[in-house]
Structures are given as C-alpha cells and as structure tokens.
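Okay, structure first, notes after.
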Amino acid sequence: MSFKYSLNLQIPFENSKQSAIAQGSLAPDPILKPNEISVIYSINSKNPNILEVKFSGDSDRVIRVAANNVIENLKTIIECMDEFDGKKNIIFIQE
Amino acid sequence: MTFELVPSATYSSPDIPELIIKPDISHGNHTTLGKTTGLSSHLVNVTKDDLNFTDKDIPSPHNKESKLGQLRAVLTTLQDDINTFLTERMNKDSTETTDKDRDLERRILDEGVDEEDKD
C-alpha cells in the first residue's frame, strides 16, 4: 500500500552497537492500524551509527501519533543506554 | 555547548516535496521537558488547585556530561518541532474542510445548487 504522507527520522548514536540495540528494541512494537500507517526501522547503509525510522501514512494525524510514540520510546531506550551502557557489571547480593 | 549527536527528520506530502526538520543547536536550551509532551491542558486545569498533586510521569533531567544525555534533550526538541509542525498542518486541514463545507452549505442555501443533481 502506498501512502501520501511520510516522515523519516535520522537518529545518530555513538556507535553501531547502540543503533542496532535501538532498532531491535523498537521493531517488535506492533503497528496498531497497518491499513493507515507503516513504520520501517533500518540502519543507514553509509553510516551504521544512524538509526532511520520511516513513517508512511494516509494523513498528518496518523504520522504525528506514531512519530510521537516512537520518539517517546526512543528517549527511554537512550536513557537506559546512558545509565547502563559501559558501566561495570555489578552483582547485587541479597542480605 | 556542542552537540555531537543531532537527530533530524525529513517530511514529505502531496503539497510539500521535501522539508528537513532539524533542531536549532545554536543555543543550549534543550531539556527533557517537552512543550508538546507531559500533562494535557485539561489535567493542568483540573489539578491546578490541588496542592498534593505531583506529576509522577515527569521525565528525569538529561545527563549534560554525556553525548547520549544531550541526544535525549535535543531529541525532545525535535519531537516538539515535529509535533508543532504536524499539529499546525492538521488544524489547517480541518479549517480548509470547514471552509469547504461552509461554501457547499452557502451554495445550497443561497444559490439552490444541489450537488447530487449537478451531473
């Protein structure tokens, strides 16, 4: 199905591992109205540090709802990476 | 302050072939508190006199020392820019639809034009 409206997000990360983790975390999220919008996650072919998200929809409204939702999830993923990535593993022992 | 990881978006529609949306990084006023996210205006109104109300979903402040922390703040700005842009277009569409409906109503009432009998 071809849609008239589209929005492509380009999100740069520090390295290709982070962009792949973000893609793998977002991709399983099901599309609620596949007849109205499609969302495609990919890694930029020239720069693997960049995650690309392509929204194609039949109105600005569905694009806005989907893009806002994906960005919200993306911010949570980035926050998790920022908090935990690169840190030493810690084993918590229950006393 | 320099931002090394800057997200962007490219929009296209039947009337706009290509529009690049990029957050303004010439200033450092990027935070995780978006203008278009957070509490709805309805909830703000309902809770404005409730002194015990606290927004538990408020995002944590970004880490200003890390690239990912800055990315999260700039991404919030991009989210605001996209939301504002698309909301304006949605409002414009609904105004145009209303104008079209009003024009049809005026033609039927004033000129006696019946759209179904036009052909």
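Proteins get letters first, then strands, A, B, ... in listed order; numbering begins at 1 in each. In this text, all values refer to a predicted model and were calculated from it rather than measured experimentally.
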key: Choice from B/Leu86, B/Leu5, B/Asn83 maximising heavy atom contacts with chain A below 4.5 Å   = B/Asn83

key: Gap between atom CE of B/Met90 and atom CG of A/Asp60 - 0.5 Å precision   = 8.0 Å

inquiry  = Would you say that B/Leu68 contacts A/Gln18 through its side chain, given a criterion of any heavy-atom pair below 4.5 Å between the two side chains?
reply    = yes

message = One pair to check against side-chain contact (heavy atoms from CB on, under 4.5 Å): A/Leu9 and B/Leu78. What are the steps and the verdict?
response = CA-CA 10 Å; A/Leu9 284 181; B/Leu78 178 67; 4.2 Å; yes

key: CA sep, side-chain torsions, deciding dist, call: B/Thr37, A/Glu72, side chain to side chain donor-acceptor pair (under 3.5 Å)   = CA-CA 9 Å; B/Thr37 51; A/Glu72 258 331 294; 4.6 Å; no

query = Is A/Val53 reachable from A/Ile31 through a run of hydrophobic residues whose side-chain heavy atoms are each under 4.5 Å from the next?
reply = yes

For the student: nearest non-hydrogen atoms of A/Asp82 and B/Ser66, plus distance = OD1-OG, 2.8 Å

query = With hydrophobic residues grouped by side-chain heavy-atom distances under 4.5 Å, do A/Val70 and A/Ile77 end up in a single group?
reply = yes

inquiry  = I'd like to know which of B/Pro7, B/Ser8, B/Ser13 tops the heavy-atom pair count under 4.5 Å against chain A.
reply    = B/Ser8

message = Same cluster or not: A/Val65 versus B/Tyr11, using hydrophobic residues (I, L, V, M, F, W, Y) connected whenever any side-chain heavy atoms lie under 4.5 Å apart?
response = no

Among A/Leu74, A/Asn68, A/Leu51, A/Thr76, residue most engaged with chain B (heavy-atom pairs, under 4.5 Å) = A/Asn68

request  = Go through the atoms of A/Ile63 and report whether side chain, backbone, both or neither lie under 4.5 Å from a heavy atom of chain B.
outcome  = both

request  = Evaluate side-chain contact (heavy atoms from CB on, under 4.5 Å) for B/Thr10 paired with A/Leu7, printing each intermediate quantity in order.
outcome  = CA-CA 6 Å; B/Thr10 309; A/Leu7 182 79; over 6 Å; no

query = Counting heavy-atom pairs under 4.5 Å to chain A, which of B/Ser12, B/Ser60, B/Pro59 comes out on top?
reply = B/Ser12

task = Answer yes if B/Leu75 and B/Val6 sit in the same cluster of Ile, Leu, Val, Met, Phe, Trp and Tyr residues linked by side chain heavy atoms under 4.5 Å apart, and no otherwise.
result = no

Portion of A/Phe55 that has a non-hydrogen atom of chain B nearer than 4.5 angstrom = neither

task = In sequence, state the C-alpha distance, the side-chain angles, and the governing distance for A/Arg64 and B/Ile82, and then conclude on side-chain contact (heavy atoms from CB on, under 4.5 Å).
result = CA-CA 8 Å; A/Arg64 188 197 184 285; B/Ile82 291 170; 5.9 Å; no

request  = For the pair B/Gln79 and A/Lys75, evaluate side-chain contact (heavy atoms from CB on, under 4.5 Å) and give the outcome as yes or no after the intermediate values.
outcome  = CA-CA 10 Å; B/Gln79 183 182 25; A/Lys75 289 195 298 187; 2.8 Å; yes

query = Hey, quick one: are A/Val39 and B/Ile21 part of the same hydrophobic cluster, counting side-chain heavy atoms closer than 4.5 Å, chains of contacts allowed?
reply = yes

